[in-house]
Amino acid sequence: GGFVIDNRIYSGFNFAGGELGHMVIQVGGRLCGCGRRGCWEAYSSATALINMTNEKILMCRNYGKPTRLTDCLDPEGHVSGRTAFDAMKLGDEEARDVVNEYVMYLANGIASIINIFQPEVLSIGGGISGEGEALLELVEPLVRRQQYGPGLVPLTRLCIAELGNNAGIIGAANL
């Protein structure tokens, strides 16, 4: 994550600012790649969605529950960030549970960022941003319920990053 203030990328006094994914949303929660537990990234990144999907597939196998999640694996037979969304589009309830959990955490973090910074625009990037408007349709109502000042202040515009999952690479190259 990152943010822009007065047309400049904010990086903090030590050039490490903007690590929005490492705000803790669940004390003692899932282990994050940074070593902490409960970071937003551990719940709302593509890796988090893949982990949630794998856990649901295992649970379905263990309890003999039918699911279309295994029908939507990538060409190599692995879970991807698309697996749960694709199975949900096929009407799979187990996949819908995974997507709803993922979106709940994503919206929680987005609402927190909005409540702290009150940005004019919040752009969602990363691998799952490829779901486009379908992702926004799921996230936005949850964000609006959690954000400070609805009806009192102008609302932050939510959008999908135009550069999608390539935003970080292109931004780094431009710097």
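When reading the values below, keep in mind they use all heavy atoms of this one structure, side chains included, and skip hydrogens, waters and symmetry mates.
Rounded to the nearest 0.5 Å, atoms CG (Asn108) and OH (Tyr43) are 11.0 Å apart. Separating the CZ atom in Arg36 from the NE2 atom in His22 is a distance of 9.0 Å, to the nearest 0.5 Å. Distance check, rounded to the nearest 0.5 Å: CG of Leu49 to CZ of Arg82 gives 11.5 Å. The CD atom of Glu55 sits 12.0 Å away from the SG atom of Cys60 when rounded to the nearest 0.5 Å. Separation of atoms CD1 (Ile57) and CE (Met52) is listed at 14.0 Å; rounding is to 0.5 Å. Between atom OG of residue Ser45 and atom CG of residue Asn51 there is a gap of 7.5 Å, rounded to the nearest 0.5 Å.
Under the 4.5 Å side-chain criterion, counting only non-hydrogen atoms from C-beta, Leu106 is not in contact with Leu142. The shortest distance between side-chain heavy atoms of Gln146 and Ile114 does not fall below 4.5 Å. Between Lys56 and Leu69 there is a side-chain heavy-atom pair separated by less than 4.5 Å. Side chains of Arg30 and Tyr105 form no contact here, defined as non-hydrogen atoms less than 4.5 Å apart. The shortest side-chain heavy-atom distance between Val98 and Met88 does not fall under the 4.5 Å cut-off. When side chains are defined from C-beta on, Thr53 does not count as touching Tyr102, because their heavy atoms never get closer than 4.5 Å. A 4.5 Å side-chain heavy-atom check between Thr83 and Ile50 finds every atom pair outside the cut-off. Between Leu136 and Ile124 the shortest side-chain heavy-atom distance falls below 4.5 Å.
Around atom CG of Asp6, no more than 12 heavy atoms belonging to other residues, nucleotides or ligands sit under 6.0 Å away. Within 6.0 Å of CD1 in Ile9 there are 12 or fewer heavy atoms belonging to other residues, nucleotides or ligands.
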Applying side-chain contact (heavy atoms from CB on, under 4.5 Å), run through Val79 and Leu73 and close with a yes or a no.
CA-CA 5 Å; Val79 169; Leu73 302 176; 3.7 Å; yes
So Glu131 and Lys89, salt bridge (Lys or Arg N to Asp or Glu O under 4.0 Å) or not? Walk me through it.
CA-CA 11 Å; Glu131 292 297 324; Lys89 291 171 191 167; 3.0 Å; yes
Could you give me the CA-CA distance, side-chain angles and deciding distance for Leu90 and Cys72, then say whether side-chain contact (heavy atoms from CB on, under 4.5 Å) is met?
CA-CA 10 Å; Leu90 295 174; Cys72 298; 3.6 Å; yes
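Minimum interatomic distance between Arg37 and Gly29 (heavy atoms only, all atoms of both residues): NH1-O, 3.1 Å. Taking both residues in full, the closest heavy atoms of Gly21 and Cys39 are given as O-CB, 3.4 Å, listed atom of the first, atom of the second, then distance. Annotation for Ala87 and Ala95: closest pair CB-CB, 3.5 Å, computed over non-hydrogen atoms. The minimum heavy-atom distance between Ala111 and Val143, with the atom names listed, is CB-O, 4.1 Å. Nearest heavy atoms, Gln118 versus Asn115: NE2-CA, 3.6 Å. In terms of heavy atoms, Leu138 sits closest to Pro141 at O-CD, 3.7 Å.
Each of Ile160 and Val4 belongs to its own hydrophobic cluster when Ile, Leu, Val, Met, Phe, Trp and Tyr are linked at side-chain heavy-atom distances under 4.5 angstrom. There is a path of hydrophobic side-chain contacts, each under 4.5 Å, that joins Ile113 to Ile5. Both Leu122 and Tyr10 belong to a common hydrophobic cluster when Ile, Leu, Val, Met, Phe, Trp and Tyr are linked at side-chain heavy-atom distances under 4.5 angstrom. Connection of Ile128 to Leu20 is established within a shared hydrophobic cluster, with ILVMFWY side chains joined at heavy-atom distances below 4.5 Å, either directly or through further cluster members. One hydrophobic cluster holds both Met104 and Leu158 under the rule that ILVMFWY side chains link at heavy-atom gaps under 4.5 Å.
The aromatic rings of Phe3 and Phe117 sit tilted, their planes meeting at an angle between 30° and 60°.
Not counting sequence neighbours, Glu137 has no partner by the salt bridge (charged side-chain N to carboxylate O under 4.0 Å, His left out) test.
A distance-only check finds no donor-acceptor pair linking the side chain of Asp74 to the backbone of Ser80 [under 3.5 Å].
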